[in-house]
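Written below as structure tokens is the structure these notes are about.
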Amino acid sequence: MSSLPSLLSERIHAVVGVDPELRPATKPQFGHYQSNVALRLAKSEGRPPRAVAASIVERLEVGDLCETPEIAGPGFINLRLRADVLARAVNDLLADPHSGIVQTGRPETVVVDYSSPNVAKQMHVGHLRSSIIGDCLRRVLTAVGHRVVAQNHIGDWGTQFGLLVEQILDDGTDAATLTLAEAEALYLRANAHFHSDAAFAERARARVVSLQSGDPETLSIWQQLIDTSAAGFNAAYARLGVLLTDEDLAGESVYNDDLPGVVADLEASGVAVVDAGALVVFVEGFNSPMIVRKRDGGFGYAATDLAAIRRRVREFGAKRLIYVVGAPQSFHFDLVFAVARKAGFLPPDVVAEHVAFGQVLGADGKKFSTREGTAVTLTSLLDAAEEKASAPIALAAIKYADLSNGLNKDYVFDVDRMVQTTGNTGPYLQYAHARMAQVLRKSEAEGNAAPGDVSVLDEPAEQTLALLLSRYGEIVDEVVATLQPHRLCAYLYDLSGALSVFYEQCPVLKSAGAVRESRLALCLATKRVLATGLDLLGIEALDRM
RNA sequence: GCCCCCAUAGCUCAGGGGAUAGAGCAAAGGUUUCCUAAACCUUGUGUCGCAGGUUCGAAUCCUGCUGGGGGCGCCA
């Protein structure tokens with residue numbers, strides 16, 4: 001099923017031979033779509049733009065789709081879709097099991113690496129963003145037919161486990177019973193201990209060696225820490241409505257056995273060299289090298305990322321690698337991707353993308369932190385929102401606030417603003433959906449079981465709504481291509497606005513005959529798009545509010 | 001020192017080289033014998049950080065500045 005603008009593009013292309021750069025019209029009086037191609041062709045053709053536009057329109061065959069094309073301003077070609085074409089688009093959407101989401105012709109395996117909390121630490125606002133954004137991308141990519149492999153790259157390895165295990169043994173704590181908050185407190189205690197007690201520090205270092213060499217007691221405690229942490233993460237995901245499960249866990253330790261192979265590859269190809277005692281990779285254009293293996297023989301986290309790329313490409317067959325990680329890691333990922341290319345771990349037909357997101361700021365515009373200066377936990381943030389609204393609405397508020405702005409920018413966490421049902425918020429979209437659910441419920445109660453087809457689109461409000469509905473598939477495709485969920489948010493907000501105008505101006509249940517059937521079908525289609533669109537954002541579409 | 005990101009209405013933010021730069025919030029006023037008023041409508045607001053350049057046309061692309069944030073060899 002081709003989208004209407006792509007059909008129109010083809011028709012114009014057939015006349016002019018170049019991409020017509022069809023765009024949605026900027027204003028209602030300019031029709032539905034516009035092309036500026038005449039303006040650009042005017043110079044090379046040596047004729048006034050309006051004359052070029054006139055000759056294009058003369059040869060353009062779009063009578064089956066549009067009203068008569070109009071030439072406006074300096075030479076814009078404005079196209080207005082016929083009402084029956086819009087009606088058919090909505091009816092197609094209603095008949096489509098995917099509700100207008102175009103299934104990709106080239107399904108591929110896509111890895112989405114997101115959330116990535118640290119073992120024995122509570123999740124913070126940064127993990128919230130990664131979880132929400134990554135989950136949205138996962139849902140969108142899955143919806144268009146890709147095979148998505150979610151990877152939760154938890155921090156489950158490193159020198160901090162020497163401290164943790166040693167402190168647990170000192171305290172006689174049962175690691176299997178720790179909550180995340182308790183584990184974090186234990187870590188803070190261990191860290192203070194490490195700096196104040198030289199003997200403890202020495203034992204902690206030795207404990208890291210025990211862990212790395214597979215000492216059973218050490219490994220057992222380490223595993224208990226992971227298990228209790230994972231339980232804590234899962235509780236947070238369940239509360240957030242995030243899809244991650246234990247199946248998606250692929251922590252740093254997973255790659256331990258791969259690291260020698262990675263190093264062997266890098267050394268064999270001559271990509272890595274020894275410098276100041278460390279094994280490093282220099283890449284042109286980067287002012288500092290990647291540290292693969294530290295002077296002390298330990299591996300840096302870049303090595304783990306290389307191993308992950310290698311595995312995801314070789315074993316999973318991934319063609320697209322997506323990393324949902326904060327913007328401060330941009331340099332790191334640029335370097336890792338460049339090294340992976342150089343080493344051949346990333347073949348030319350595989351793309352790797354860092355979806356870099358900004359910080360969450362407090363109401364004062366400063367870095368979001370508690371009075372004590374520590375990072376705000378995910379749990380306390382959810383609690384704060386649920387003080388203002390019921391859980392599903394509070395969650396919608398948070399997720400929408402996170403997804404509706406450009407990802408790379410910092411955003412201000414303002415609970416009072418995001419739970420409003422007026423304005424560009426998650427609850428506003430939920431409310432639009434609930435109203436449609438109500439209309440359809442009432443219709444059903446009155447004995448009209450199945451809404452019919454859209455057949456009458458006389459009112460401008462009806463046409464605007466139908467036009468927006470016809471664009472749903474294009475918007476989802478844009479998110480797939482750009483990994484920018486705020487485009488979908490903006491679309492759903494526009495749709496809700498058009499729905500409100502329709503709702504005010506076009507009575508549904510009080511109308512009769514074909515008009516009533518047609519409007520009911522519009523309601524149903526809008527409800528479907530809102531429901532599936534919200535689901536792509538990870539937001540629950542409520543039937544009642 | 002080098003690199004990356006950001007700068008648009010009082011505030012929070014959209015803006016794909018194209019028409020008079022748009023939403024929401026806030027402010028003021030209005031709309032319920034009518035499908036959810038948790039809504040809708042109306043009204044005002046701009047040196048698009050600054051200066052050049054490319055172009056028929058620049059908030060958008062290029063260069064240089066200014067201001068803010070972040071990063072840059074042995075934490076992850």
Side-chain angles (χ1 to χ4, degrees), chain A residues 21-27 29-30 34-36 39-40 42-43 48-49 72-76 78 116 118 153 155 157-160 252 275-280 282 285-302 304-305 326-332 334-335 356 358-359 361 365 367 389 393 401 404-406 408-412 414 416-425 427-428 430-432 434-443 446 478 482 486-487 489-490 493-494 496-497 499-501 503-511 519-520 523 544-545:
Chain A
E21 293 184 15
L22 199 74
R23 301 276 182 264
T26 51
K27 296 194 173 177
Q29 63 265 35
F30 299 147
Q34 65 178 50
S35 172
N36 314 315
L39 291 163
R40 278 183 297 109
K43 197 176 186 189
F76 299 106
N78 292 339
S116 313
N118 292 312
H153 195 82
W157 200 251
T159 51
Q160 72 271 27
E252 294 167 342
D275 189 86
L279 187 70
V280 303
F282 290 98
F286 292 85
N287 58 7
S288 58
M290 169 194 277
I291 306 232
V292 179
R293 193 179 56 213
K294 297 180 284 184
R295 194 166 35 206
D296 67 5
F299 293 102
Y301 78 134
T304 307
D305 280 329
Q329 297 294 325
S330 289
F331 177 79
H332 167 70
D334 285 348
L335 186 55
Q359 275 189 335
L361 306 176
K367 187 175 174 178
I393 295 175
S404 57
N405 291 340
N408 56 335
K409 289 191 182 182
D410 295 346
Y411 85 96
V412 175
D414 182 342
D416 291 324
R417 182 164 52 79
M418 62 178 73
V419 298
Q420 297 297 314
T421 51
T422 289
N424 191 5
T425 69
Y428 174 79
Q430 287 179 311
Y431 181 64
R435 288 166 111 185
M436 285 306 98
Q438 173 85 323
V439 170
L440 292 163
R441 255 197 314 272
K442 289 207 168 180
S443 165
E446 290 172 13
E478 281 182 19
T482 63
H486 81 271
R487 291 166 180 260
C489 293
Y493 179 62
D494 287 344
S496 298
L499 177 66
S500 284
V501 174
Y503 187 83
E504 290 289 320
Q505 298 181 358
C506 304
V508 178
L509 299 178
K510 294 203 158 34
S511 57
R519 287 179 178 172
L520 275 172
C523 288
R544 296 176 196 273
M545 283 176 77

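Convention: sequence-line order gives letters A, B, ...; per-chain numbering from 1. Keep in mind it's a predicted model, so treat the numbers as computed, not measured.
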Polar pairs (N or O, both sides) under 3.5 Å between protein and nucleotides 1-5 of chain B?
from	atom 1	to	atom 2	distance (Å)
B/rC5	O3'	A/N408	ND2	3.4

Would you list the protein and nucleotides 23-33 of chain B atom pairs, both N or O, that sit under 3.5 Å from each other?
none

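At a cut-off of 3.5 angstrom, the base of B/rA38 holds no donor-acceptor pair with the side chain of A/Q430. Not a single donor-acceptor pair, N or O on each side, falls under 3.5 Å between the base of B/rA38 and the side chain of A/Y431.
Between B/rG68 and B/rC50, the distance separating the two C1' atoms is 15 Å to the nearest Å.
Distance A/N36 CG to B/rG16 C1': 11 Å, rounded to the nearest Å. Note: CD (A/E478) to C1' (B/rG16) measures 8 Å, nearest angstrom. One atom, CZ of A/R293, and another, C1' of B/rC74, lie 12 Å apart when rounded to the nearest Å.
Looking at heavy-atom distances under 4.0 Å, A/G285 makes no contact with the nucleic acid at all. Contacts of A/H486 with the nucleic acid, taken as non-hydrogen atoms under 4.0 Å apart, involve only primed sugar atoms and P, OP1 or OP2. Residue contacts for A/D410: at a heavy-atom cut-off of 4.0 Å it reaches the sugar-phosphate backbone alone, with no base atom in range. Within the 4.0 angstrom heavy-atom criterion, base atoms lie near A/A278. A/E21 comes within contact range of no nucleotide atom at all, as no heavy-atom separation falls under 4.0 Å.
Between the side chains of A/Q438 and A/R435, no donor-acceptor pair of N or O atoms lies under 3.5 Å.
Taking the side chain to side chain contact (heavy atoms under 4.5 Å, CB included) definition, one finds that A/H332 meets it with A/Y301, A/A302, A/D305, A/Q329, A/V336, sequence neighbours left out.
Remark: B/rC48 base-pairs with no nucleotide; criterion is Watson-Crick or G-U wobble with both hydrogen-bond distances under 3.5 Å.
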